[in-house]
2 protein chains.
Amino acid sequence: MVLNMVSSKVSETRPFDVQVQIFKVLTHPARLAILDILRDGEHCVCHMEAHLGFRQAYISQQLSVLREAEIIQDRRDGWNIYYRVIDDRIYEVLDAMRRITGQPKSELKKPNVSCACPTCSTHVGKAS
Amino acid sequence: MVLNMVSSKVSETRPFDVQVQIFKVLTHPARLAILDILRDGEHCVCHMEAHLGFRQAYISQQLSVLREAEIIQDRRDGWNIYYRVIDDRIYEVLDAMRRITGQPKSELKKPNVSCACPTCSTHVGKAS
DNA sequence: AAACCATATTCAATACCATGAATGTGATTA
DNA sequence: TAATCACATTCATGGTATTGAATATGGTTT
């Protein structure tokens, strides 16, 4: 990810570049949905796959964006890789935004699906 | 501004589109700088021009993005057009982000410049 | 009405992001 | 070590945002 900040003359705006960089990462519905899933702690990729309905490669792409921005962190455990947010304060940003847009705290109700990972197995879901 | 959200299959992420739309507007250093100037109330365009060092057309472009997103509002008074933010809660988002990026509340110290508008004339500045 | 002021809009070129498809990787079981 | 599992990466294409340059607009003064 490369900045294209070549402000015409003076760069009075340079101090804002760091914030812009993070805002850019948040400018994507799938990534916001992923962060929403990670609100209650770490989850594996198959979990997100099952809950969001996207294909694995697509989710992995979005995870890599979040990871490179150092918003999330991964941890391997056997076959599965678990993701978690590094700095919980990102939710302060997201919550403040939701207060403006007037969206319910959890519009995204967990569907009755699950994957084979330990986390999902503890749920009621039934994989097809 | 048109959304390009054509999620592969399911659109579990659609509820996030509204937030994404606003985040997109915040994904720009000049626009963040403008919002920062508007923290203490309304200001005319020439004011921003003087304080940011960008050319008038450029600032006007960014203002139009903020205006179309209904983040700011304009008011005409004689020659000048004054802008103000519509919903102050946008600063909750910006402040939350600054807490993460660790930027000082007002990195952007007002330079000793001014334009001919009534607002600027009350300042100490001297236009070249 | 004409000249002038502050500000807005349009246009075109370029840079950047999104995303599907194909393929690669590293840990694990047999 | 070969097959397999969960996940990551690369590549190519189309779409969207950025921004400089030129020009338009609408209120104001004379």
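Computed from a predicted structure; not experimentally measured. Letters A, B, ... mirror the listed sequences (proteins, then strands); counts begin at 1.
Distance Tyr58(B) OH to dT10(C) C1': 17 Å, rounded to the nearest Å. In this structure, Phe54(B) atom CZ and dG20(D) atom C1' are separated by 13 Å, rounded to whole Å. Rounded to an integer number of Å, the gap from Ile59(A) CD1 to dG20(C) C1' is 15 Å. Summarising the geometry, the separation between CD1 on Ile81(A) and P on dC5(D) is reported as 16 Å, rounded to the nearest angstrom. Atom-to-atom, CE of Met48(B) to P of dA8(C) comes out at 9 Å; the value is rounded to the nearest Å. Atom pair Phe23(A):CZ and dC17(C):P shows a separation of 16 Å (rounding to whole Å applied). Between the CG atom of Leu66(A) and the P atom of dC7(D) there is a distance of 16 Å, rounded to whole Å. Separating the CD atom of Glu68(B) from the C1' atom of dA8(C) is a distance of 11 Å, rounded to the nearest angstrom.
For dT7(C), neither phosphate oxygen OP1 nor OP2 lies less than 4.0 angstrom from any side-chain nitrogen or oxygen of Arg75(B). At the phosphate of dA6(C), neither OP1 nor OP2 sits under 4.0 Å from any side-chain N or O atom of His47(B). Contact annotation: Asn80(A) does not reach the phosphate of dC5(D) (side-chain N/O to OP1 or OP2, under 4.0 Å).
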Going 5' to 3' through nucleotides 21-30 of chain C, assign each nucleotide B (protein heavy atom under 4.0 Å from a base atom), S (under 4.0 Å only from sugar-phosphate atoms) or - (no protein heavy atom that close). BB----SS--
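Between the side chain of Arg89(A) and the main chain of Arg99(B), a donor-acceptor pair closer than 3.5 Å is present.
Among dT18(D), dA8(C), dT9(D), the nucleotide with an atom closest to any side-chain atom of Leu63(B) is dA8(C). Comparing dT18(D), dC7(D), dA8(C) against the side chain of Tyr83(B) picks out dA8(C) as the nearest.
Taking Val85(A) as the reference, Leu35(A), Leu38(A), Ile72(A), Asp88(A), Tyr91(A) meet the side-chain contact (heavy atoms from CB on, under 4.5 Å) condition, with sequence neighbours excluded. Scored by the side-chain contact (heavy atoms from CB on, under 4.5 Å) test, Ser60(A) finds Gln56(A) as partners (sequence neighbours excluded). In this structure, Arg67(B) has no salt bridge (Lys or Arg N to Asp or Glu O under 4.0 Å) partners at least two apart in sequence or on a different chain. The side-chain contact (heavy atoms from CB on, under 4.5 Å) test applied to Val45(A) returns Ile59(A), Leu63(A), Tyr83(A), not counting sequence neighbours. Residues that satisfy the salt bridge (Lys or Arg N to Asp or Glu O under 4.0 Å) test with Arg76(A), not counting sequence neighbours, are absent from this structure.
With respect to Arg14(A) and Asp17(A), no salt bridge is recorded, no charged nitrogen being found less than 4.0 Å from a carboxylate O.
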